[in-house]
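One-based numbering, in listed order, for ligands and for the atoms of each. Computation of the quantities below employed the complete heavy-atom set of this structure, encompassing side-chain atoms and omitting hydrogens, waters and symmetry-equivalent molecules.
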Amino acid sequence: MMINNLNIIVFFLCLYSVSAYFTLLGKCPENVSLQEDFRLADFHGKWYQAYHYSSDGQQKNNCSTIETIHKHTGIYLNQSRVDRGLFHRFSLGRLEIPGDIEGGSKLDVTFTFENAPRRLKTRRYPFHILTTNYRYYATVYTCQYSPLINKHFIYVWLLSRRPLLNDVSKELAIKPLSMINVDPVKLVKDDNVSCNPKYYEDIETEPMTFRYPVPI
Ligand SMILES: *[C@@H]1O[C@H](CO)[C@@H](O)[C@H](O)[C@H]1NC(C)=O
Ligand SMILES: *[C@@H]1O[C@H](CO)[C@@H](O)[C@H](O)[C@H]1NC(C)=O
Ligand SMILES: *[C@@H]1O[C@H](CO)[C@@H](O)[C@H](O)[C@H]1NC(C)=O
């Protein structure tokens with residue numbers, strides 16, 4: 001009985017956090033056309049997160065960058081940022097590269113947490129390239145769907161090779177957002193004023209852009 005009550009409480013806690021995270025009705029957008037002939041080799045290197053959109057409205061970091069890293073075990077994505085203006089943190093996810101050229105922009109990222117319980121150890125999320133010209137801008141999005149409440153979550157990165165995304169690039173970068181029903185006025189500009197926080201953490205942490213650990 002005791003256990004059952006606890007289970008129910010845990011279930012409602014989960015449901016509560018799930019409904020705060022998944023806010024958009026229905027499934028993830030379908031038939032989204034991604035960048036054609038995507039060349040990962042040209043995407044390599046460092047990108048600044050000039051703007052972002054998080055459908056749950058949360059904004060917990062500034063000064064975000066994304067950088068690809070080559071290791072003998074594969075290509076990784078280093079998502080670095082300043083959390084709450086105080087902590088410099090980064091997350092490392094392994095890029096899962098599609099075998100076929102046509103689906104080349106349909107990347108996934110896998111995060112591995114050695115110390116987590118078994119079903120939370122590996123977490124894989126989409127990281128789909130909507131558009132990029134490699135030299136100036138890239139628009140990437142992820143989407144997660146919750147069958148439990150029939151809602152989804154979307155996060156969009158408007159990436160720039162330079163700290164400032166020029167207007168022409170921004171125009172091109174926001175074009176595909178209509179396909180995933182994201183209104184460009186909802187994009188949030190990343191603040192880069194205080195990018196030298198008090199605390200530096202040099203071990204990898206949980207990614208903030210993919211928050212929900214398991215599909216629910
Ligand atoms: C990830 O990027 C941050 C910021 O550039 C850096 O401090 C950190 O060392 C990088 N992590 C790895 C594993 O390269
Ligand atoms: C972003 O940085 C500003 C200072 O530049 C800080 O006041 C604000 O709290 C930061 N926002 C977040 C979400 O860290
Ligand atoms: C912050 O962004 C501005 C443009 O908005 C840019 O000129 C400046 O170099 C950036 N600073 C850093 C530390 O990235």
Atom 7 (O) of ligand 1 sits nearest the protein heavy atom H88 CE1, 3.5 Å
Please list, in number order, the atoms of ligand 1 under 4.0 Å from a heavy atom of S80. 2 (O), 3 (C), 4 (C)
Report yes if some heavy atom in the side chain of F90 is under 4.5 Å from a heavy atom in the side chain of E201; otherwise report no. no
Is the positively charged end of K71 above the ring of Y76, judged by distance under 6.0 angstrom from the centroid and angle within 45° of the axis? yes
Report, in ascending order of atom number, the atoms of ligand 1 lying under 4.0 Å from any heavy atom of I69. 12 (C), 14 (O)
Starting from atom 9 (O) of ligand 1, which protein heavy atom do you reach first, and at what distance in Å? F90 CE2, 4.3 Å
What I'd like to find out is whether the side chain of V32 reaches to under 4.5 Å of the side chain of L130, using heavy atoms alone. yes
Pair R81 + D83: basic N to acidic O under 4.0 Å: yes
Mind checking whether I180 and Y53 have side chains closer than 4.5 Å, heavy atoms only? no
Please check whether N78 reaches ligand 1 - meaning an N/O of the residue sits under 3.5 Å from an N/O of the ligand, judged on distance alone. yes
Does K46 have a non-hydrogen atom less than 4.0 Å from ligand 1? no
